[in-house]
Colleague: 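My questions will all concern the structure given below.
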Amino acid sequence: MNDEGTIRRRPRLKTLAAAAAGVAVVGAAVFGWIVTPPRIDDGGRTLPQAAAPELVARGKYIAELGDCVACHTTADGKPMAGGRGLETPFGMLYSTNITPDPKTGIGRYSFGAFDRAMRKGVTADGTHMYPAMPYPSYAKMSPDDMYALYVYLMKGVAPVDSPNRPSGIGFPFNQRWTLAFWNEMFLDSHPFVADAGKGEVWNRGAYLVQGLGHCGACHTPRGIGFQERAMSDTDGSGETFLAGSKVEEWNAVNLRGLGDVDDTVELLKTGQNRFGTVSGSMTEVIHNSTQNFTDADLVAIATYLGGLPTDQPRAPRPATPETGIPAAMFTTRGGLAYAQFCADCHRLNGAGVAKVFPPLGGNPTVSAKDPSTLVHITLTGWATAQTQAHARVFTMPGFARLGDDEIADILSFVRASWGGGAAPVTAAQVKVARATLDPKVDTRSFDTPRIADVLKEPNAAQLVRGMRLNTETHTLLPKNVGNVLNCSSCHLNAGTVADGSPYVGVSAFFPSYAPRAGREITLEDRINGCFLRSMNGKPLAKEGDDMKAMVAYFDWMKRETKPEDKVEGRGVGKISQAIKPDTENGARVYAAQCAICHGSNGEGIKDAAGVFVYPPLWGDQSFNIGAGMARTYTAAAFVKRNMPIGFHGGFPLGQGGLTDQEAVDVAEYFSHMPRPDFAPKVNDWPKDKKPADARY
């Protein structure tokens, strides 16, 4: 499994190429003769002139089981035409053309030559392949499946004239003949043999996992020759088979005793389940391969994995998401940093958002002994698999802008809170991963405050209270909030996101003149204006502790800002009012991008405990017509820069991504839906002209 409890496919070939390269050194030094390639045996089968459609269809399914397209198709290339670059420590390898083109592909391969290549890693002309092509796993294929795959590639794939690219592997690792000795030591080229003591479902799962699925390429640790230490659970080192391995700063987790069959089936079919979401290269496997498996094959795989014995404890998996917030959330640097940077998606209780953002409780990656995957995802980001069940791809941006110590604090808090006692993450571990991964760092000049720093202040308790009143407003102030909004519904990440109306420097501009009100207003007035206009509620007592806490929180974010200063990222920006809204398109944008978080009819979404996760966008529980978001172009500017979250890699929420036109269209659509009235509206704009997009 990979991040958030996922099953990873083979690595980008560093370890497998290393296997070949390592043996090349031994072979070149010790053996000085050319090894005769194994003979070609057609087994009495030839390519039919007209293949039966059902045989081609079966071969296509086998190609999906083996995930052939993942390596043999470039991002914008033609199917199976090769050319995908595979980085190794010794240079680049490029996948080959396996279309039936007679000049550049495998069009002249007999079935025997194809079978030898798949089982023994030797091409038709006698060249040894690097075990980057997982022929040690494919060797377990049955003769009938091998023949069906051959027929499909020859008859069901369009030929493409695309010459193979030479590898970038230098001497002595380019001496492929030495791989014969690696094969002699580590390769078993015989087909899978069923275990008579096991049932049909278990054996089918074993066949797929050990063979076509080549799961061990990532999840089985390597030996001295960089070979997989076991190719099945019955090998001499069978207890290591699928026991987990570190691959390119990913923790390919232990698959043994995986757990509930239904959960594993759902993960492989849809890319997510109640405990996790796939990421990294596993998203390709789900997209290209496992989502196409039959339900019977998915059950077989899950049954086999779940039946493998393991002594590795797994994190407790609650039947329903926990509703409590960890006590350390507001008393530790890691907890406060989590509340700032993570809670908008993964929630304060770590429950995530069903079908959108993965939960942390019960997540195998959170509890894994090796935290490599957590560190990797946090530094570089993540994206969900696109499947028929979940067509919308959600992203998590990389947090490389945060320091090594900050990331270590956050991940240690996460593991302590939801990881079943998993060890903390150290800044040194993050530093090593950062150097290896070289992640892209967000360089926007907006200076994001670190809320964890409030713990250094003498009034830390008051500042934490102010922060919580911002993020848990309707929960902590039920007598003052008349709907289910929080301040952070608009002021994202506790008010620290550029162009999300951040609080950075805001208190320096109060008291200020408000043209709409025709008077000077204080910061307290402005805060109460939100309670009245946006939250449809009642004002806070100006001298009360809660008001003082909110003001203290805003004052803490003032820093050195002076009234005359221009603050980067302040407000929500502007959007041209020359853009005319198209509400029909707005409805389409809403359905595609907004409904999953705010409900198909603007009703918001709730968690399993009935608590609102994301607020309604219209109706009685949403903001009233006095709110700024009830105005088309104000709402459009906010949407343009902050919605939808999880859309791409923008720091810190993956926010934004719609065009100006789309933002105006969807803003007009939701802002003009039915919502509560605002009685004091008659006192608005006593001197100034009413804005054209005002609701009243």
Side-chain angles (χ1 to χ4, degrees), residues 392-395 397 444-446 485 489-493 497-502 514-516 529-530 533-534 566-602 604 614-619 622-678 681 684-685 688-696:
R392 161 74 191 277
V393 173
F394 285 90
T395 63
R444 178 164 181 169
S445 58
F446 176 74
L485 285 128
S489 298
C490 294
H491 304 273
L492 305 172
N493 270 32
V497 174
D499 299 315
S501 199
R516 180 167 68 177
C530 270
R533 294 176 180 275
S534 297
K566 176 177 175 58
V567 177
E568 166 76 17
R570 183 187 177 206
V572 295
K574 301 290 184 182
I575 200 161
S576 173
Q577 296 195 19
I579 300 173
K580 301 306 178 186
D582 177 350
T583 53
E584 290 186 2
N585 185 54
R588 290 190 291 269
V589 172
Y590 182 88
Q593 303 294 350
C594 314
I596 194 166
C597 288
H598 292 288
S600 59
N601 194 32
Y614 295 124
L617 282 192
W618 60 84
S622 185
F623 53 87
N624 60 29
I625 63 172
M629 290 291 283
R631 291 174 53 185
T632 295
Y633 292 94
T634 300
F638 177 83
V639 167
K640 164 71 177 175
R641 293 164 180 82
N642 297 287
M643 293 289 139
I645 61 173
F647 194 72
H648 56 62
F651 176 86
L653 290 167
Q655 71 273 28
L658 301 183
T659 66
D660 287 11
Q661 183 68 59
E662 289 170 330
V664 170
D665 293 347
V666 75
E668 175 78 4
Y669 173 73
F670 75 74
S671 67
H672 284 68
M673 284 291 188
R675 59 186 68 261
D677 195 6
F678 178 58
K681 64 187 178 184
D684 276 352
W685 301 293
D688 301 296
K689 183 180 179 180
K690 183 178 72 171
D693 63 340
R695 285 293 302 270
Y696 53 91

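Small disclaimer: the values here were computed from a predicted structure and weren't measured. Positions are given from 1, in the same order as the sequence printed here.
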Colleague: Looking only at non-hydrogen atoms, find the nearest pair between G619 and P676 and report the distance.
Modeller: O-CD, 3.3 Å
Colleague: For a quick test of reading the model, state the closest non-hydrogen atom pair linking A630 to F623 and the distance between them.
Modeller: N-CE1, 3.7 Å
Colleague: Residues in side chain to side chain donor-acceptor pair (under 3.5 Å) with R392, at least two apart?
Modeller: Q593
Colleague: Holding to side chain to side chain donor-acceptor pair (under 3.5 Å), I want the full list of residues that pass it with S576, two or more places apart in sequence or in another chain.
Modeller: none
Colleague: List the atom of G654, the atom of P397, and the distance in Å for their closest heavy-atom pair.
Modeller: N-CG, 3.5 Å
Colleague: What's the separation between atom CE in M673 and atom OG in S622, rounded to the nearest 0.5 Å?
Modeller: 11.5 Å
Colleague: How are the rings of Y696 and W685 set to each other: parallel, tilted or perpendicular (split at 30° and 60°)?
Modeller: tilted
Colleague: List the atom pairs, with distances to 0.1 Å, where a side-chain N or O of residues 646-653 and a protein N or O form a donor-acceptor pair under 3.5 Å, not counting sequence neighbours.
Modeller:
from : atom 1 : to   : atom 2 : distance (Å)
H648 : ND1    : G650 : N      : 2.9
H648 : NE2    : Q655 : O      : 3.0
H648 : NE2    : G656 : O      : 3.2

Colleague: Mind jotting down which residue pairs meet the salt bridge (charged side-chain N to carboxylate O under 4.0 Å, His left out) criterion with at least one end in residues 623-641? Sequence neighbours excluded, please.
Modeller: R631-D693, K640-D660
Colleague: Could you tell me which non-hydrogen atom of V497 sits nearest to which non-hydrogen atom of N642, and how far apart they are?
Modeller: CG1-OD1, 3.8 Å
Colleague: Quick one: list whatever passes side chain to side chain contact (heavy atoms under 4.5 Å, CB included) with K566, sequence neighbours left out.
Modeller: none
Colleague: To the nearest 0.5 Å, how far apart are CD1 in I579 and OG1 in T632?
Modeller: 12.0 Å
Colleague: Test of understanding: with side chain to side chain donor-acceptor pair (under 3.5 Å), list the residues that count as partners of N624, not counting sequence neighbours.
Modeller: N536
Colleague: Starting at CZ of F638, measure out to CG of D499 and round the result to the nearest 0.5 Å.
Modeller: 10.5 Å
Colleague: Going by the rule ring pair (Phe, Tyr, Trp, His ring centres under 6.0 Å), which residues pair with Y669 if we only count those two or more places apart in sequence or in a different chain?
Modeller: Y590, W618
Colleague: Kindly give the heavy-atom pair with the smallest separation between I575 and A663, and that separation in Å.
Modeller: CD1-CB, 4.2 Å
Colleague: Output the distance between atom CG (D684) and atom CZ (F678), rounded to the nearest 0.5 Å.
Modeller: 6.0 Å
Colleague: With sequence neighbours left out, write down each residue that passes side chain to side chain donor-acceptor pair (under 3.5 Å) with K574, or none if nothing qualifies.
Modeller: none
Colleague: According to salt bridge (charged side-chain N to carboxylate O under 4.0 Å, His left out), does anything in residues 661-676 pair up with another residue at least two apart or in another chain? List the pairs.
Modeller: none
Colleague: Go through the structure and list residues passing side chain to side chain contact (heavy atoms under 4.5 Å, CB included) with Q577, not counting sequence neighbours.
Modeller: Y633
Colleague: I'd like to check the side chain to side chain contact (heavy atoms under 4.5 Å, CB included) partners of S489; sequence neighbours left out, ordered by chain and number.
Modeller: L485, N486, P615
Colleague: Could you name each residue pair satisfying salt bridge (charged side-chain N to carboxylate O under 4.0 Å, His left out) that touches residues 581-596, not counting sequence neighbours?
Modeller: none
Colleague: Tell me, with the steps shown, if E568 and R444 meet side chain to side chain contact (heavy atoms under 4.5 Å, CB included).
Modeller: CA-CA 10 Å; E568 166 76 17; R444 178 164 181 169; 3.3 Å; yes
